[in-house]
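All remarks here apply to the structure that follows.
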Amino acid sequence: MGRTDIGPPNYQDMLPDVIKKNYGKWKYHEIQRPGVLKHVSESGDELYTVRVGSPRLVSIDFIRDLCDVADKYCDGYLRFTSRYNVEFLTDKKENVQGIIAEMERLGLPVGGTGNSVSNIVHTQGWIHCHSAATDASGIVKAIMDELYDYFTSMKLPAYVRIAVACCINMCGAVHCSDLAIVGVHTKPPKIDHEKVLAQCEIPTTIQSCPTGAIRRHPDTNIKSVVVREDLCMYCANCYTVCPAMPLADPIGDGVAIYAGGKVSNARKPPMFSRMVVPYLPNNPPRWPEVVDVIKKIVEVYANHAKRYERMGEWIERIGWEKFFKLTDIPFTEHHIDDFTHAVETYRTTTQFKW
Amino acid sequence: MADGETPLLDELEKGPWPSYVKEIKRMASKNAASKDLLGIQELSYKDKVTHWKHGGIVGVTGYGAGVIGRYTDMPDKFPNAAAFHTLRINQPAGWFYNTKSLRTICDIWEKYGSGMTNFHGSTGDIILLGTTTENLQPCFDALTDAGFDLGGSGSALRTISGCVGKARCEWSSIDTLDIIYNLTMEFQDEIHRPRWPYKFKIKTSGCPNDCSAAIARADFTIIGTWKDGLRIDQEKVREYVDKGMDINGLIVNKCPTYALEWDGKSRELKFYEDDCVRCMHCINKMPKAIRPGVDTGATILIGGKAPIIKGAYLSWVLIPFMKMEPPYDEVKDLLRKIWDWWDENGRTRERLAELIERVGLKTFLKEIGLKPVPQMVYKPRANPYVFLK
């Protein structure tokens, strides 16, 4: 048996010399071209970063390819960003072109800096998750193929953060993104009463439901539960605690689209993303309906927002009524909140646009 | 469809963005589990449902977390991926690597697993995707021999992560990498042995830009900030203006609290320190001219989470300013107080924010011994329903 609780390697063993030497002493940076950053230290030292898009779901051979480049140009060091981009770091300006050429050879895009669409934060989807209502990697690939030019350029009013979650558990906090795509079920759980008896704690299962839709089975001889379907909003929290209540459904499952969230405190405080499309069907392998909506919103935003205005700031300024008009997305009863914090979203002023 | 053909997934090999399908195929040519993974994914694309079953309690000796058990619902058709468990490997802080370590992980995963990975998972770990029950322990042993350990899962402290911090960012007011590493080493037991009502996340960002989305997804959010004023280099400001920057339109008028004023005559950017809320906008747009202050520390916020169960929360301010210096005892004490109270009072699957909403922030503050300050709220209550005691 191996050792336990040794923790991760010390990050200090993972830093190139130029970073060790200038740790905490960086003075300013500039973006030299999309995907290339130059940081300058108080000491006068310079550090060049080449940022590269990755599909996140990668083979060990992909990692070895990256290591080859890092060995050749970066003294054997590299890092990843919180959005899965790969960063090659070097204090030698002349190495930048070499790294970019290697990325072209490997078919990896250089970009994701400044006012771009950076890589899409996403979850596992059908590749590995039991509760996925959609796939994640496939939607990401389809969207990034379409928005590729926005990754390799910096022509947007501000940066646009996109995220995909394959169910409403939202591993990765997609709920504060400029654009969020979230897998949703639309059918209540299908209960396997024999499995409930074998695998589930009935009180925990009943308590798990945020709308109180789950009750004991009326027949006391059946040790199981029933669901009041008119109260179910398909959150799947019951399925998480009781495997005998799956919600996945080939026809019902699909995705919802949210817009206007941010986590940065710059100018306006962080905001939640808000529902703009309640449901689109799963249409693998390329989810064309989803890609169309995302592309449309990005383009309308690009054409209408003021410089440095994040999507949520732009929408707040013009008003949601204008957003739905400009994007041609229908506003329906589903957009009106009726959950825990609903009332604070109702308009309490006579100020609005036509 | 002939055996091994993947017409739907093949569509995702087209287009300019790098393809994860190509990546699976790279492994599928030499690894039977990856070949079956490809088949399972193709069937999900055809059937429009997941083919992974719920749960599976597997792990390594001495740990209750870090391994996600996973079985397919079609073990006969895909025997090589019948069990396809995940290992979460705690990443080095800031996701910095030397290639020697990365190559070692690749070699271990070539020997014991599918060869497929996520660099990285949402919480921050390296995800090693897909191995058998028998291979879990030897794979773990090889990883710890190489200096790596498991991350968190289930109702445990999740792997701590954060932004690049002082390693490569001039705006970081705190040493995020050291905070991550120090807290991770302190709380190994809490990460590896789930014991709480539900998950607990700690994330840290060096400045209010919050590149690690700490405010949206962490129960305990540490964001760097400062107490003094901005450092402004007027000469550099003038350089930006001379190069054509619309300083009134793009900087002054976008300041949320009117803390800046451009004096066109003296060509000076006036700064009203008392009015600044440290939003980062002017610093972001004029990095050569404007820098954060030097009296640095962190704002501690709590409660951030995604919608399950009672709705999404953004973390709210608990401690407006805390000095952040090793060994970070103040943070550790606060965390332990919060965990004790939450563990005692929380219901199953009730995150910290939901518990606080249920019993009231007032009660929480009393329990952990913090005095209320106006920075905790946007505004005071509007109703008269006070429990005066």
Side-chain angles (χ1 to χ4, degrees), chain A residues 1-9 11 14-15 19 23-24 26-28 55-64 67 70-71 76-77 79-80 82 108 126 130 132 137-138 141 144-145 148 168-173 175-176 210 237 243 248 250 263-267 270 282 284-285 340-341, chain B residues 8 11-12 15-18 20 23 26-27 44-45 48-50 52 54 61-62 90 92-99 102-103 106 109 115 118-119 122 141 144 147 149 166-167 170 177 181 184-185 188 208-210 212-213 215-217 256 279-281 287-288 306 308-312 314:
Chain A
M1 193 187 122
R3 297 170 294 164
T4 57
D5 298 318
I6 61 168
Y11 63 95
M14 303 293 176
L15 303 176
I19 283 184
Y23 196 95
W26 299 107
K27 196 172 171 192
Y28 69 89
R56 183 179 91 117
L57 174 55
V58 295
S59 67
I60 48 176
D61 288 348
F62 179 93
I63 300 298
R64 287 166 174 156
C67 288
D71 283 340
Y77 295 92
R79 79 174 286 266
F80 296 80
S82 58
L108 300 178
W126 291 334
H130 66 286
S137 312
K141 164 73 175 149
M144 285 312 286
D145 277 342
Y148 188 83
I168 62 159
N169 278 325
M170 296 191 192
C171 306
H175 57 289
C176 294
N237 199 43
V263 293
S264 162
N265 285 273
R267 301 169 302 281
N282 275 328
T340 43
H341 305 122
Chain B
L8 292 169
E11 286 299 312
L12 292 176
W17 188 254
Y20 79 95
E23 289 299 316
R26 272 174 103 169
M27 288 318 297
S44 277
Y45 271 51
K48 300 186 190 180
V49 284
T50 184
W52 300 104
H54 191 301
T61 308
N90 198 324
W95 300 289
F96 279 95
Y97 295 92
N98 60 46
T99 52
L102 277 180
R103 288 183 196 279
C106 291
W109 196 232
N118 290 141
F119 272 85
S122 298
D141 292 344
T144 49
D149 200 348
K166 287 173 183 280
E170 67 270 29
L177 303 195
Y181 183 63
T184 300
M185 297 311 281
Q188 282 292 294
N209 283 326
D210 195 6
S212 69
I215 204 163
R217 63 205 185 106
C279 85
M280 295 297 293
H281 174 74
K288 290 181 186 175
I308 281 281
I309 306 169
K310 289 199 175 143
L314 285 156

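Letters A, B, ... mirror the listed sequences (proteins, then strands); counts begin at 1. Just so it is clear, the structure is predicted and the values come from calculations on it, not from any experiment.
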Top residue by heavy-atom pair count (under 4.5 Å) with chain A, among [options]?
{"options": "B:Pro16, B:Ala306, B:Gly94", "answer": "B:Pro16"}
{"options": "B:Asn118, B:Leu314, B:Asn209", "answer": "B:Asn118"}
{"options": "B:Pro256, B:Pro208, B:Pro92", "answer": "B:Pro208"}
{"options": "B:Gly147, B:Ala93, B:Cys106, B:Ala312", "answer": "B:Cys106"}
{"options": "B:Lys310, B:His281, B:Glu170", "answer": "B:Glu170"}

Pick from [options] with the largest number of heavy-atom pairs that fall under 4.5 Å of chain B:
{"options": "A:Leu108, A:Leu15, A:Asp61, A:Ile19", "answer": "A:Asp61"}
{"options": "A:Ile63, A:Val58, A:Ile168", "answer": "A:Val58"}
{"options": "A:Asp5, A:Asp145, A:Asn282", "answer": "A:Asp5"}
{"options": "A:Ala248, A:Ala132, A:Pro243, A:Gly24", "answer": "A:Pro243"}

Do [X] and [Y] touch side chain to side chain, with heavy atoms closer than 4.5 Å?
{"X": "B:Arg103", "Y": "A:Asp71", "value": "yes"}
{"X": "B:Tyr97", "Y": "A:Pro9", "value": "no"}
{"X": "B:Arg217", "Y": "A:Cys171", "value": "no"}
{"X": "B:Met280", "Y": "A:Asn265", "value": "no"}
{"X": "B:Pro287", "Y": "A:Lys27", "value": "no"}

[X] to [Y] - nearest heavy-atom pair and separation:
{"X": "B:Trp52", "Y": "A:Trp126", "value": "NE1-O, 2.9 Å"}
{"X": "A:Arg56", "Y": "B:Ser122", "value": "NH1-N, 4.1 Å"}
{"X": "B:Ile309", "Y": "A:Pro210", "value": "CG2-CB, 3.5 Å"}
{"X": "A:Ser59", "Y": "B:Arg26", "value": "OG-CD, 3.9 Å"}
{"X": "A:Asn169", "Y": "B:Ile308", "value": "OD1-CG1, 3.2 Å"}
{"X": "A:Pro284", "Y": "B:Tyr45", "value": "CG-O, 3.2 Å"}

If we check side chain to side chain contact (heavy atoms under 4.5 Å, CB included) with B:Ile215, which of these qualifies: A:Pro270, A:Ser264, A:Cys176?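 Result for side chain to side chain contact (heavy atoms under 4.5 Å, CB included) with B:Ile215: A:Pro270.
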What part of B:Thr184 lies closer than 4.5 angstrom to a heavy atom of chain A: side chain, backbone, both or neither?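 Side chain only.
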The reported gap from CZ in A:Phe80 to CZ in B:Phe119 (rounded to nearest 0.5 angstrom) is 5.5 Å
Nearest 0.5 Å, please: how far is CG in B:Asn98 from CZ in A:Arg79?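 Reported value, rounded in 0.5 Å steps: 15.0 Å.
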Would you find a donor on one side and an acceptor on the other, under 3.5 Å apart, between the side chain of B:Asp149 and the backbone of A:Ile6?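 Checked: pair present.
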Answer with side chain, backbone, both or neither: which region of A:Tyr148 has an atom nearer than 4.5 Å to a non-hydrogen atom of chain B? side chain
